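A quick note: this is a predicted structure, and the numbers were derived from the prediction, not measured.
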Amino acid sequence: MCRLLTYDTYIFDLDGTLLDTLHDLAASVNYALRQHHMPEHSIDDVRRFVGNGVRLLMERAVPGGADNPEFEAAFATFRQHYMQHSTDTTRPYDGMVEAIHRLKLRGCRLAVVSNKMMAATQELVRHFFPEIEVAIGEHESAGIRKKPAPDTVFEALRQLGVSKDGAVYVGDSDVDIQTARNSGLPCISVLWGFRDKAFLTAHGATTFVSDPRQL
């Protein structure tokens, strides 16, 4: 198995990179839609909707988006349901737990930055990847913008106590490619996530891994 250049610090996306969260996200989206008498979506629909945070996920799922008078109620229902069911079917991608352990043994510093809700991000990382030191989700503090802004990456580096030197960003989407670029970090795009190689290449990806053992 060919391994890429090694780095000292790894900043990971969560959904579609470390964890296959798609079915739990889709279940909570469709639960919220049912509760508010709205049409449901397929797994493939939800796959296309994810990547920019849960609010935008629901804006894409709800007819009329945020202009729908029932949007805020449906969004609240989604959030409540997802916090209770975020680990029903969610699992690490094959080989990812072992890859994280190998990086840790190598002395690497590890963090997650996600556009998922902060509480859900931290809960999922604690549950599945206790060796990861820092987990940052949707940040409510003023001045910390969600991805693709670099703010959460910079906050992760600050909490780790390291600089950008020797750091790399790992993700599965166009948002991740933009986040890495905006942060001034090299980007590794994974091919087991929510977007395929053609999509990633079209959005500027240049470095790919098809197996966690390549990290």
Side-chain angles (χ1 to χ4, degrees), residues 10-36 40-41 43 45-62 65-66 71-93 96-97 100 110-156 158-160 169-176 179 190 192-195:
Y10 286 74
I11 309 294
F12 290 94
D13 172 55
L14 186 61
D15 297 52
T17 300
L18 295 178
L19 295 176
D20 185 354
T21 57
L22 185 60
H23 286 81
D24 284 336
L25 286 167
S28 292
V29 166
N30 284 329
Y31 174 82
L33 296 173
R34 282 196 305 276
Q35 294 301 110
H36 296 275
E40 298 180 35
H41 290 283
I43 290 289
D45 287 340
V46 177
R47 184 191 303 275
R48 291 192 297 272
F49 295 162
V50 298
N52 297 88
V54 292
R55 186 177 183 88
L56 191 51
L57 165 62
M58 286 302 291
E59 287 182 12
R60 291 165 173 163
V62 169
F71 173 79
E72 294 297 341
F75 183 43
T77 300
F78 164 84
R79 288 173 66 101
Q80 181 179 30
H81 187 271
Y82 187 69
M83 286 304 301
Q84 295 170 351
H85 296 276
S86 63
T87 60
D88 286 1
T89 64
T90 288
R91 294 292 181 271
Y93 287 101
M96 186 54 73
V97 171
I100 292 297
L110 308 175
V112 166
V113 296
S114 175
N115 281 340
K116 188 187 290 292
M117 296 172 289
M118 178 72 83
T121 298
Q122 295 184 336
E123 179 182 345
L124 288 168
V125 171
R126 278 194 302 266
H127 183 77
F128 290 109
F129 299 103
E131 292 184 295
I132 292 180
E133 303 160 71
V134 170
I136 298 173
E138 183 181 39
H139 214 292
E140 297 180 356
S141 298
I144 299 200
R145 301 162 296 171
K146 70 178 185 178
K147 302 186 296 183
D151 303 33
T152 52
V153 173
F154 292 160
E155 177 62 14
R158 186 192 70 78
Q159 291 188 28
L160 289 171
Y169 186 97
V170 184
D172 76 304
S173 74
D174 54 321
V175 173
D176 294 316
T179 301
V190 307
W192 54 78
F194 297 162
R195 304 289 187 264

With side chains defined as the heavy atoms from C-beta onward, is the minimum distance between [X] and [Y] less than 4.5 Å?
X: Leu25; Y: Lys116; value: yes
X: Phe128; Y: Met96; value: no
X: Ile144; Y: Phe154; value: no

How close do [X] and [Y] get, counting heavy atoms only, and between which atoms?
X: Phe129; Y: Pro92; answer: CZ-CB, 3.8 Å
X: Gly137; Y: Thr121; answer: CA-OG1, 3.6 Å
X: Arg48; Y: Arg195; answer: O-NH2, 3.6 Å
X: Val113; Y: Ala156; answer: CG1-CB, 3.8 Å
X: Met118; Y: Ala135; answer: SD-O, 4.2 Å
X: Leu160; Y: Ala111; answer: CD1-CB, 3.9 Å

Determine the interplanar angle of the Phe49 and His41 rings, folded into 0 to 90°, and report it as parallel if under 30°, tilted if 30 to 60°, perpendicular if over 60°. perpendicular
For Tyr31 and His85, what are the C-alpha separation, side-chain angles and deciding distance, and is it a side chain to side chain contact (heavy atoms under 4.5 Å, CB included)? CA-CA 11 Å; Tyr31 174 82; His85 296 276; over 6 Å; no
Distance in Å, [X] [atom1] paired with [Y] [atom2], rounded so as to fall on 0.5 Å steps:
X: Arg55; Y: Met117; atom1: CZ; atom2: CE; value: 12.5 Å
X: Tyr169; Y: Tyr10; atom1: OH; atom2: OH; value: 15.0 Å
X: Arg47; Y: Leu22; atom1: CZ; atom2: CG; value: 5.0 Å
X: Leu19; Y: His127; atom1: CG; atom2: NE2; value: 9.5 Å
X: Leu124; Y: Thr87; atom1: CG; atom2: OG1; value: 7.0 Å
X: Asn30; Y: His81; atom1: CG; atom2: NE2; value: 10.0 Å

Closer than 3.5 angstrom, by distance alone: can the side chain of Glu59 be matched with the main-chain N or O of Gly65 as a donor-acceptor pair? no
When you measure from the side chain of Asp172 to the backbone of Phe194, do you find a donor-acceptor pair of N or O atoms at a distance under 3.5 Å? yes
Could you tell me whether Glu155 and Arg145 have a side-chain N and a carboxylate O separated by less than 4.0 Å? no
Check this for me, if you would: do Glu123 and Arg126 make a salt bridge, where the nitrogen-to-carboxylate-oxygen distance has to be below 4.0 angstrom? no
Evaluation steps, side-chain hydrogen bond (donor to acceptor under 3.5 Å, both in side chains), between His36 and Thr77: CA-CA 9 Å; His36 296 275; Thr77 300; 2.8 Å; yes
Side chain to side chain contact (heavy atoms under 4.5 Å, CB included) between Gln35 and Phe78, worked out: CA-CA 10 Å; Gln35 294 301 110; Phe78 164 84; over 6 Å; no
Going by side-chain hydrogen bond (donor to acceptor under 3.5 Å, both in side chains), Lys147 matches just one of Asn115, Thr152, Asp13. Which one? Asp13
Exactly one candidate in Thr21, Asp20, Asp24, Asp15 meets side-chain hydrogen bond (donor to acceptor under 3.5 Å, both in side chains) with Thr90; the answer is Asp24
Has Gln80 got more than 12 heavy atoms of other residues, nucleotides or ligands less than 6.0 Å from its CD? no
Would Asp176 and Thr179 count as a side-chain hydrogen bond (donor to acceptor under 3.5 Å, both in side chains) here? Give the steps. CA-CA 5 Å; Asp176 294 316; Thr179 301; 5.0 Å; no
